[in-house]
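Chain A is the first sequence line, chain B the second, and so forth, proteins listed ahead of strands; every chain is numbered from 1.
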Number of protein chains: 2
Amino acid sequence: MTQKGITLKEVAAAANVSRATAARALNSYGYVGDETALRVLEAAERLGYRANLVAQALRSGQLPIVGFVPGDIQNPFFARIAHDIEVELRKHRHNLLIASSEENVEQEKELLESLRSLSIRGFILAPTSATDSQHIVQLANEGAPVVLIDRVVKDLQCDSVVVDNEGGAREAVDYLIANDHERIGLLRDESRIFTAQERLAGYQNSLRSHGIALDESLISVSRSTVEHAVEATIRLFSRRNRPTALFTVDSLMTQGALLGLRSMGLSIPHDVSLVGFDDFNLATFTDPQITVVAQPISEIGPLAAKFLLERLAGKKIAPRHIRFPTRLIVRGSVAQFNRR
Amino acid sequence: MTQKGITLKEVAAAANVSRATAARALNSYGYVGDETALRVLEAAERLGYRANLVAQALRSGQLPIVGFVPGDIQNPFFARIAHDIEVELRKHRHNLLIASSEENVEQEKELLESLRSLSIRGFILAPTSATDSQHIVQLANEGAPVVLIDRVVKDLQCDSVVVDNEGGAREAVDYLIANDHERIGLLRDESRIFTAQERLAGYQNSLRSHGIALDESLISVSRSTVEHAVEATIRLFSRRNRPTALFTVDSLMTQGALLGLRSMGLSIPHDVSLVGFDDFNLATFTDPQITVVAQPISEIGPLAAKFLLERLAGKKIAPRHIRFPTRLIVRGSVAQFNRR
DNA sequence: GATCAATGTGAGATCGATCTCACATCCGGA
DNA sequence: TCCGGATGTGAGATCGATCTCACATTGATC
């Protein structure tokens, strides 16, 4: 069935030395005679020897693999980060194992459970729940380095790389208010997720600081998929006295809002102004282009990978918590309320 | 550093039996006394024993991991497939290791080289090159099952799951011709990639069968990124006597064309008609919506995973070559040439 | 010429799970 | 009562790489 690879033993035999000497020659440590080393290297080359990483892992206790558990690999945000992490890891001869939690805590638990027995060296996680995180704490306690991205978790001391969700959301809503909107709708996802909570807080803080009363009827909650967001948008805008502007908390929601509003015959920005959290390539293809709060997505993956690699190399310092600022990109989806 | 896990030895000691007996009890094979088995199971439970997959892999020669090498995980097409494969593998307690070739043959070679020493059980590949494939043949010869998706490779006997690229492209161009277009531009990527060749062939075959002469000046080649496609589009439409319609060979190209045409002030479908290969969510957000050739993307991943799992289970039958049909989705980006 | 350090090499243990083989013990049937 | 098969268990080998330790050499130094 599986054709066996060349083992160290065979190389050693071919070079007429012991396994120990062959290992020394190949990994250049300890004393080896020059001529012997040459013979071993030549034999290894000739036979096409490649070290068995599993055997190495059994001794060292660790496979050169890092686990990445994003909310959903199909989300371009995570796909981009996965790609960046992989590039970084590859430089250090590590592989990336991706296992989507699909935003499901139970699945996240199962995944981590199964990855743990794989002797994986470290983890980069986007935890699904801000509170139900005992399994992650446990993972970290077992000694495997963990870096959190996009979302953090209570009671867990480890590196994290997130963005300023509250500030970004606040800036978005501030901008709508600066354009004389007061009835500002919010399309948000389930609060279980950390980013959703922070973005909600930003929305609330902005309104509050401008003396605008919160109106629960302006908030629509849905699952974070385009389809659910379409429905939630239609629900929101079917009410009497509907919002004049809408803030959506992620790019899937924004896409859903776009479709929902179009299906209701509402035009942007004439009938409704729109600002979305998270930039996405579609935002510049629509007419008008969509104003968004952009995350520095290209920095998250590489930094998370860097942190993890440092931990793998044994760096022992206090956990670092990086929070990147966001940036409001003004395009054409917001109109001044009075001028409509 | 890494807190050690509980080993079989410790469980055996706790249950006061030998390692052999403990293994028998836990994996239920051979003879074990009922009471003994119970004691072992109880001890394992109490200590939180989890088998070390690396040690198992060393004996069995295989890790429960499958490698997936797509052209680019950021491409939604591959992200979707990766997700589907993962779901399927997870059912059989296998993990998915993703390593993007980034459409670079050299990188593909290096990746496979490094994955080989990981004792990975099988591979799902989208080969970057249709011809430079010696490394893949070699991989297959070593015994690891390989399933090709999206693209096939010469001289390699293994399962493959692709779509009818030639037919899809032909249908798209047929449709443009049916709408009285004759000067039909083609935006395609480097011919190294299998799908590009087939789609080019479809374009040529359609023209030929309608008695329209091929005109090399209507074909623009670019790398498959939005940015490069923008430039290629502008090059193509800056010529005198430009095309009245454009066929793009993948969704990134289609996006590039959209941006390129917009920047030149050309409107779709009034000035230029457009059909793209591969549906993508953006296609329904533009105005007008884009007519595309859709691939049955939701079927590719699960089928490839199924094939691979069957091979892993030891199924020995002739290689299967599945070629899914495509489907033309008519939206609003094509106008009758005479009616413009 | 003796001694000690530097240099070079191999035998064997180790990582954790599993499998083979040998050895008990028990029971029913002759 | 004795024998043979069924049943239950443990010692030790195995997978492949690496590391420790012990043992040879060699050369330099007094």
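- For B/Thr21 (side chain) and B/Val17 (main-chain N/O), no donor-acceptor pair under 3.5 Å exists by modelled atom type.
- Atom CG of A/Leu53 is separated from atom P of D/dC15 by 19 Å (rounded to the nearest Å).
- Heavy atoms of B/Ser60 sit nowhere under 4.0 angstrom from any nucleic acid atom.
- Between the C1' atom of D/dT18 and the CG atom of A/Asn52 lies a distance of 13 Å, rounded to the nearest Å.
- Between A/Asn27 and D/dT18 there is a side-chain polar atom (N or O) within less than 4.0 angstrom of OP1 or OP2.
- When each of C/dG16, D/dT20, C/dG8 is scored by its nearest atom to the side-chain atoms of A/Tyr31, the top-ranked nucleotide is C/dG8.
- We find that CZ of B/Arg24 is positioned 10 Å from C1' of C/dT20, with the value rounded to whole Å.
- With 3.5 Å as the limit, one finds no donor-acceptor pair spanning the side chains of A/Ser119 and A/Gln62.
- Rounded to whole Å, atom P of C/dG8 lies 18 Å from atom CG of A/Asn16.
- Going from atom NZ of A/Lys9 over to atom C1' of D/dT18 covers 15 Å, rounded to whole Å.
- Backbone-only contact: B/Ala51 has heavy atoms under 4.0 Å from sugar-phosphate atoms and none from a base.
- B/Leu308 is listed as a side-chain neighbour of B/Val66, based on a closest heavy-atom distance under 4.5 Å.
- A donor-acceptor distance shorter than 3.5 angstrom exists from the side chain of A/Arg121 to the backbone of A/Leu312, with no hydrogens or angles considered.
- Between A/Asp34 and A/Arg19, it is A/Asp34 whose nearest contact on DNA chain C lies nearer the 5' terminus.
- Here C/dT7 presents its P atom at 18 Å from OH of A/Tyr29, a figure rounded to the nearest Å.
- Contact check, B/Tyr49 against C/dG16: no side-chain N or O comes under 4.0 Å of OP1 or OP2.
- For A/Gln56 and D/dG16, the shortest distance from a side-chain N or O to OP1 or OP2 is not below 4.0 Å.
- Distance CD1 (B/Ile6) to C1' (C/dC15): 16 Å, rounded to an integer number of Å.
- Residue contacts for A/Val54: at a heavy-atom cut-off of 4.0 Å it reaches no nucleic acid atom on any strand shown.
- Within the 4.5 Å cutoff, the side chain of A/Val147 has no heavy atoms near those of the A/Leu125 side chain.
- Comparing atom distances between the B/Val32 side chain and each of C/dT9, D/dT9, D/dT18 picks out D/dT9 as nearest.
- With DNA chain D read from its 5' end, the first of the two nearest nucleotides for B/Thr36 and B/Arg59 is the one closest to B/Thr36.
- Phosphate contact (OP1/OP2 of C/dT9, side-chain N/O of A/Ser18, threshold under 4.0 Å): absent.
- Atom CZ in A/Arg50 sits roughly 11 Å away from atom P in D/dA17 (whole-Å rounding).
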